[in-house]
S.K.: 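Dropping the structure in here first, questions after.
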Amino acid sequence: NAGVTQTPKFQVLKTGQSMTLQCAQDMNHNSMYWYRQDPGMGLRLIYYSASEGTTDKGEVPNGYNVSRLNKREFSLRLESAAPSQTSVYFCASGSDTQYFGPGTRLTVL
Amino acid sequence: RKEVEQDPGPFNVPEGATVAFNCTYSNSASQSFFWYRQDCRKEPKLLMSVYSSGNEDGRFTAQLNRASQYISLLIRDSKLSDSATYLCAVNINYQLIWGAGTKLIIKP
């Protein structure tokens, strides 16, 4: 049972570099989410997609873009990475109850 | 004031003891409530939903107090494997708002 998958698991970037985090789910959920988790701050919503073709900003969208490619896939892009974006990124899917991918640990130097 | 607040702990508890922690929320329109468990360097995993009437799953009991706007989690006969961070989540308008988590350490 794959559930929610994310790639890559780890990434180190230099300031100004770009990258895309990939997420896919096989649970046929309409809603998908991107969070970041920083020590002592809990999970903060970056962007979400309530259905294929729609995306909305969450609490901390600045510096990020997203694409809901189809019902299964929801990607997060950092166009010009900054050290403040060093974090653990989780993708999730589901409506009331959410299910999480294993996370991407990103370090921006 | 944060929308969802938890005592960060850590709670250091001997094996076999009972431990309880709360999570307070500020929005009275909150629709549903959850407890998740997160192990170190892993993703959050659903532990249990919290129903208005309270619910139990083995050694775990969750309760909701709408009047005082908090949910609670009680763990009986704690095991070493219960050591983790426990996150509460509150659904408001189809988005989950998260507490920062309570760290629990079970000691032999």
Side-chain angles (χ1 to χ4, degrees), chain A residues 1-10 21 23-25 27 29-51 54-61 66 74 86-107, chain B residues 1-11 21-27 29-52 55 57 60 62 64 71 73 84-104:
Chain A
N1 293 335
V4 181
T5 57
Q6 289 183 238
T7 56
K9 285 191 166 56
F10 301 93
L21 283 65
C23 174
Q25 52 97 5
M27 294 177 283
H29 289 148
N30 286 319
S31 300
M32 297 185 73
Y33 309 83
W34 275 105
Y35 292 94
R36 61 178 290 173
Q37 187 177 38
D38 302 291
M41 298 194 72
L43 289 159
R44 292 186 292 168
L45 184 64
I46 304 171
Y47 270 93
Y48 67 101
S49 170
S51 62
T54 68
T55 61
D56 286 287
K57 295 179 180 179
E59 181 187 352
V60 289
V66 290
F74 188 36
T86 293
S87 189
V88 181
Y89 291 85
F90 289 106
C91 176
S93 73
S95 52
D96 201 22
T97 304
Q98 292 181 17
Y99 300 90
F100 286 79
T104 296
R105 295 185 176 276
L106 175 66
T107 301
Chain B
R1 183 185 172 190
K2 292 181 183 177
E3 288 192 85
V4 179
E5 293 198 78
Q6 295 182 252
D7 182 338
F11 284 48
F21 24 84
N22 291 339
C23 166
T24 60
Y25 61 95
S26 60
N27 192 327
S30 302
Q31 297 149 331
S32 51
F33 308 86
F34 305 91
W35 283 105
Y36 279 73
R37 171 193 169 126
Q38 186 173 26
D39 292 294
C40 189
R41 302 179 75 81
K42 299 285 189 181
E43 72 272 23
K45 292 186 177 176
L46 179 67
L47 179 65
M48 57 199 304
S49 303
V50 186
Y51 303 124
S52 296
N55 48 300
D57 182 2
F60 299 83
L64 166 64
I71 62 172
L73 180 67
T85 295
Y86 291 84
L87 308 175
C88 65
V90 175
N91 190 315
I92 303 170
N93 295 325
Y94 301 103
Q95 289 189 33
L96 285 184
I97 309 300
W98 296 83
T102 296
K103 187 169 185 177
L104 175 64

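FYI, side chains are in, hydrogens and waters are out, and symmetry mates aren't considered; it's all heavy atoms of this structure.
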S.K.: Report the option among A:Gly101, A:Ala50, A:Gly103 that has the most heavy-atom pairs separated by less than 4.5 Å from atoms of chain B.
M.R.: A:Gly101

S.K.: Evaluate the side-chain proximity of A:Gln98 to B:Tyr36: yes if any heavy-atom separation is below 4.5 Å, no if none is.
M.R.: yes

S.K.: Which bit of A:Arg44 comes within less than 4.5 Å of chain B, counting heavy atoms only: side chain, backbone, both or neither?
M.R.: neither

S.K.: Tell me, side chain or backbone of B:Pro8 under 4.5 Å from chain A's heavy atoms, or both, or neither?
M.R.: neither

S.K.: Can you tell me how far CD of B:Gln95 sits from OH of A:Tyr33, rounded to the nearest 0.5 angstrom?
M.R.: 7.5 Å

S.K.: Mind checking the CG-OG1 spacing from B:Asn91 to A:Thr97? Nearest 0.5 Å is all I need.
M.R.: 9.0 Å

S.K.: Relative to chain A, which segment of B:Gln38 carries a heavy atom at a distance below 4.5 Å: side chain, backbone, both, or neither?
M.R.: side chain

S.K.: List the steps, then state whether ring-ring contact (aromatic ring centres under 6.0 Å, His included) holds for A:Phe90 with B:Trp98.
M.R.: CA-CA 13 Å; A:Phe90 289 106; B:Trp98 296 83; 9.6 Å; no

S.K.: Step by step, would you call A:Gln6 with B:Glu43 a side-chain hydrogen bond (donor to acceptor under 3.5 Å, both in side chains)?
M.R.: CA-CA 11 Å; A:Gln6 289 183 238; B:Glu43 72 272 23; over 6 Å; no

S.K.: Is the shortest heavy-atom distance from the side chain of A:Tyr35 to the side chain of B:Leu96 under 4.5 Å?
M.R.: yes

S.K.: Among the options B:Gly101, B:Ala89, B:Pro44, B:Ser32, pick out the one with the most heavy-atom pairs lying under 4.5 Å from chain A.
M.R.: B:Pro44

S.K.: At a 4.5 Å cut-off on heavy atoms, which part of A:Glu59 comes close to chain B: side chain, backbone, both, or neither?
M.R.: neither

S.K.: Check whether A:Leu43 gets within reach of chain B through its side chain, its backbone, both or neither, counting any heavy atom under 4.5 Å.
M.R.: both

